[in-house]
Amino acid sequence: MRIDFSSFYFKKEMMKTPYLIFALLFSFTLVGKSPRFEMQTIDDEVGIGYGVQLADMNADGKVDVLLVDKDKVAWYENPSWKKRIIVDHLTRRDHVCLTARDLNGDGRAELALGGEWNPGDTINSGAVFYLFPKKGSEVKWGHRPLPHEPTTHRMHWVKGPGGKYSLIVKPLHGRGNKNNAGDPLKLLAYEYPASPKKEDWASTLVFSHLHNSHNFHPVNWDDDEEEEILITGMEGTWYLDLIGEKWKPTLLAKPFGGEVRDGKDARGKNFVTTIEPRHGSVVACYLKRGDDWKRIQLDDSLKDGHALGTGDFLGLGHDQIVAGWRAMRPSGAPGLKLYVPKDKTFEKWEEYKLSGKEVAVEDLKVADLDGDGKPEIVAAGRQTHNLVIFWNKS
């Protein structure tokens, strides 16, 4: 495959709503499939843009966009992208993470929020909230605080046995840690109760082996209904599977990972992709070969890599990888790249740059927003203070 740079052009035009500021059309011509994305800004007043979530918020069957910002949580209604504030600032310090998923089948996502973000305080920082709607769609949501560990950093709703869900919350560091040393962090599961606003949330320990763990990701690799977890940190990348009432950990890769996601290769087998180390420069892919995982390095040029996703953007019948970096430390030019395997072995890859200084990528998520069967990329920019959709026109 090759890039035909003669087909690359820039397009800027004013949009009709205050949130649709401009569009950039990135067009790439390849031998075979053609990556082509149109970038649309839906918010240009983002503070930091810590996290993006994609979920249906109003039971209309469309995937909406949610953003956890330093002092608010907002959702943007598909397709107008009208911005609504769900909650204002709940903690003295920044909000840092959000999870959104329909837990009861009513078509509307349930939300949880992490805040009081201070990675340097491994004793008194952190906060966890369950968020719930009040009567009236335009009224801000209520919140209920839950117990927490210091340095709350990432969270997911994860499906367990019997279709019941848990809120799984991961700190960045262990309690009392200094210089990444001391007690390991505690990955906790809070059982979602029948009356979440009133009942106590029972919690259990999932995993306590890692130090300095930036991210984790729910997966479902086996035949049962409950989901498993990929988690990465200083002590490598791990697969956690709930067997009975205990989580069984399996080490997949030893390098210090920052971000982690999974995908499907050309044989329909699971692969794992990471950014290494935390805030790192390397994009890697791990392929199952017998009992081992083979590491393939795709790129080593990211500056402050901070976001990762997978999807079949090109309709190839297998997943590709998208990675974003914010270039804050070390400073430089931010960017977003798509990585496409050259053949079915997944051992050689081609890369295509989708954006540069337009978005200093803090986080990204992947989903089909317009129902055409092709996934879009939604990215939040930190230094660029924007929230953008990369529409898949491939």
Can you tell if the side chain of H95 reaches within under 4.5 Å of the side chain of K70, non-hydrogen atoms only?
no
Is the shortest side-chain heavy-atom distance between L111 and W141 below 4.5 Å?
yes
What orientation do [X] and [Y] show, parallel under 30°, tilted 30 to 60°, or perpendicular over 60°?
X    : Y    : answer
W81  : W391 : tilted
H209 : F207 : tilted
H279 : H214 : perpendicular
W349 : F271 : perpendicular

Under 3.5 Å, is there a donor-acceptor pair between the side chain of [X] and the main chain of [Y]?
X    : Y    : value
E226 : D224 : no
N78  : K62  : no
D88  : K72  : no
H385 : D44  : no
S331 : A327 : no
D304 : R329 : yes
T384 : A360 : yes
D262 : W221 : no
S203 : A189 : no
S394 : R36  : yes

Between [X] and [Y], is there a side-chain N and carboxylate O pair less than 4.0 Å apart?
X    : Y    : answer
K294 : D292 : no
E77  : R84  : yes
K83  : D43  : yes
D102 : R108 : no
E347 : R289 : yes
R144 : D200 : yes
R295 : E276 : yes
E227 : K159 : no

Sequence neighbours left out, what passes salt bridge (Lys or Arg N to Asp or Glu O under 4.0 Å) with R278? Give chain and number order.
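By the salt bridge (Lys or Arg N to Asp or Glu O under 4.0 Å) rule, R278 matches no residue at all.
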Checking E191 against W201: is there a side-chain donor and acceptor pair closer than 3.5 Å?
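Per modelled atom types, W201 and E191 side chains form no pair under 3.5 Å.
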Could you give the distance from CZ (F129) to CG (L98), rounded to the nearest 0.5 Å?
12.5 Å
Stepwise, does the ring-ring contact (aromatic ring centres under 6.0 Å, His included) test hold for F132 with H143?
CA-CA 6 Å; F132 53 88; H143 60 277; 7.7 Å; no
